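Comments concern the structure below.
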Amino acid sequence: MPQGGVHMAAEKRERYEESELYRIRHSAAHVMAQAVMEMFPGQAKIAIGPPIEDGFYYDFDLPRPLTPEDLEVIERRMREIISGHHSYERAVLTADEAREMFADQPYKIELIEGLEEGGTDEYGEPIEGPVEISIYTQDTFTDLCRGPHVEDTNKINPDAVKLLNVAGAYWRGDERRPMLQRIYGTAWKLADELEQYLWRLEEAQRRDHRRLGKELDLYSISDAVGPGLILWHPKGGMVRKIAEDYCRAQHLEGGYEFVYSPHIGKANLWEKSGHLDWYQEGMFAPLDIEGQQYYLKPMNCPFHVEIYKSRTRSYRDLPLRYAEWGTVYRYERSGVLHGLLRVRGFTQDDAHLFCRPDQMPEEIDGALQFSLNILRAFGFEDFQAYLSTRNPEKFAGEPEEWEAPTEALRESLERAKLPYQVDEGQAVFYGPKIDIKLKDALNREWQLATIQFDFILPERLDVTYVGEDGKEHRPYMIHRALLGSMERFMGALIEHHAGAFPVWLSPVQAVLIPIADRHIEYANSVGDQLKKAGLRVEVDARGERMNAKIRDAQLQKVPYMLVIGDRELEDGAVSVRLRSGEDLGAMPIDDFLNRAEEDVQARR
RNA sequence: GCCGACGUAGCUCAAUGGCAGAGCAACCGCCUUGUAAGUGGUAGGUUACGGGUUCGACUCCCGUCGUCGGCUCCA
């Protein structure tokens, strides 16, 4: 929740915290808390219940787990309370008065202590300025709350409120504290807006990459193999291959060289690199090979460093840019795995840049621009940039050493005129970084590109170059991945295009649909002709009706459907239908080819 | 990892303690079709896995694995 402000971002939105919708949702949360209190008289312990994007939640400590039926009961009761037209009354108390009032509410007591002593808010974050302890009362329910609220429950539209689900949540977000039950709800001004929101949720599910991955036969995850380990099917494999081929070509143009490295390395390597000190919990258990311990690699950097160190490097060799589609394995706790977006084995489009200190700004700028260009080529426009700073509990080196590199990244962001936010304490152990994140269909943010400044590993692994002065110098190192991991990127790509990949990426670009068996031979010859021209086509020669074939191609989101019947056979043509439903009518094969090639060239 | 829900045919889902089923997909036919599902038949199951209760378990109980929604984490 607490994050640095957006830098250079346009101030286009009204501040949510000051909107009426915010107050409606906040007030709805209080109504919900009242309903839950009534359901468990004297037993319900209440925690906090803020508005969130699109809704609100409230956390409770209850004598038993809530069921979906409970939610219906609570929701019904909420409507009754809302219809009772109760006003929200604010009052200010002293800490002692508040303690007395909430004597049987331990979580509230803890909040009161925080307000009184430390000036910390409900998330445990420090508050600036003097703190007032305020309460809000509606009907029979009083909550410790800083507000604001609507004046009266009649400002809440009972037909625009809905409870969505129950989930566990730690008190104060701390996994050592009790697990509470969180009820999520949504509230709007108009019933229509609620409808639209629920429709949006359904729409999001329809473009969920896990669902599309199955429907479009792109990938699977097999219990027999293991959770978080992806099996790419031919169609998904084709999309991935095209994406990789494109990126490889771009890398060659961008002055990168390709290297390859193994999947495991000796324990000693990971000790020297610092991974076993800082990152062991993210690594799989070691393998014992002839008495030597080996680890599956969670990152590629130590290997690339070894390649660099395989001979003496001159200042004239720099910068060196080593790129590898490197498959890494990271232990992720079972509860966090999520389709393609959070996995245990993935392939990074990784690269390590070694440069002289004076080359650093240019290299960062280059990597940042490269990253933006590539993401745009795949159709992504709406991404968020973050600058992650030193994690005070997990960093190598000295705090002062982090200042200049962090500034270097910040300056590069400013030069790129890219709006960004500061992610305090989110850096990697070896240096600050710039991340580029995208939102998935369900509005969750995922990191794709990352550009990481590293001034630690070169030292730990004793990386040097010989300078003009004939002496050894320490190079700087940048770790960067543009798409991040191919798995996550593919997940994002699927959701971004809702499975309807641009023509250049579509695994099957055209399906030829012969109307009757007598058209199959011609369809095959047209198919061969298109394949020769470099298109990915299939001939649907099943004994189905044309309508069924169109429907299937449509559901597979194939860009072009080429219908072939007597007329086309006669004229040496194809009838082109687009997946938008548009019927372009019959055209000579060459005309279709030109159109398709244009679409591919334009990466449409 | 934690809290909760869930796990039945390739997929989507029925069967609330008494004979494991449907649609789609697959396979074999028939139909030869003009822009989103033609039609008949056949086959398909250790009900995730292991244990328990019961005359009898898909169904109830316990454990394991996995999935989903959150939380924590996310180099």
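We use all heavy atoms of the structure for the numbers below, so side chains are in, but hydrogens, waters and symmetry mates are not. In what follows, chains are A, B, ... by sequence order, proteins preceding strands, each numbered from 1. Since this is a predicted model, take the numbers as computed values, not measurements.
Separating the OG1 atom in A:Thr450 from the OH atom in A:Tyr386 is a distance of 13.5 Å, to the nearest 0.5 Å.
The minimum heavy-atom distance between A:Ala523 and A:Ile564, with the atom names listed, is CA-CD1, 3.8 Å.
A side-chain contact (heavy atoms from CB on, under 4.5 Å) with A:Leu448 is found for one member of A:Leu483, A:Ile436, A:Leu438 and no other, namely A:Leu438.
In the set B:C71, B:U12, B:G70, B:G70 carries the atom at the smallest distance from any side-chain atom of A:Ala167. Closest to the side chain of A:Pro227, from the set B:U67, B:C11, B:C71, is B:U67.
Nucleotide B:C11 forms a pair with B:G23, judged by Watson-Crick or G-U wobble geometry with both contacts under 3.5 Å. Across all strands shown, the partner of B:C30 is B:G38, judged by Watson-Crick or G-U wobble contacts whose two distances both fall under 3.5 Å.
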What string of B, S and - do you get for nucleotides 31-45 of chain B, 5' to 3', when a contact is any protein heavy atom under 4.0 Å?
-BBBBBBB-------
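Along RNA chain B, the nucleotide closest to A:His275 and the one closest to A:Arg182 are compared, and the more 5′ of them pairs with A:Arg182. A residue-by-residue look at A:Lys433 and A:Met179 shows that A:Met179 has its nearest nucleotide of RNA chain B further toward the 5' end.
Cation-pi check for A:Arg390 over A:Phe395 is met; the charged atom lies under 6.0 angstrom from the ring centroid and within 45 degrees of its normal.
A donor-acceptor contact under 3.5 Å is formed by the side chain of A:Arg342 with the base of B:C73.
Here A:Asp435 pairs with A:Lys433 in a salt bridge; the nearest charged N to carboxylate O distance falls below 4.0 Å.
Proximity of A:Tyr184 to the phosphate of B:C71: a side-chain N or O atom is located under 4.0 Å from OP1 or OP2. Taking only side-chain nitrogens and oxygens, A:His338 comes nearer than 4.0 Å to OP1 or OP2 of B:G69.
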Using the salt bridge (Lys or Arg N to Asp or Glu O under 4.0 Å) rule, take A:Arg172 and A:Asp174 through it: C-alpha gap first, then chi angles, then the decisive distance, then the call.
CA-CA 5 Å; A:Arg172 294 206 141 171; A:Asp174 185 338; over 6 Å; no
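Rounded to whole Å, the C1' atom of B:A57 lies 11 Å from the corresponding atom of B:G52.
Atom CD1 in A:Ile183 sits roughly 15 Å away from atom P in B:G4 (whole-Å rounding).
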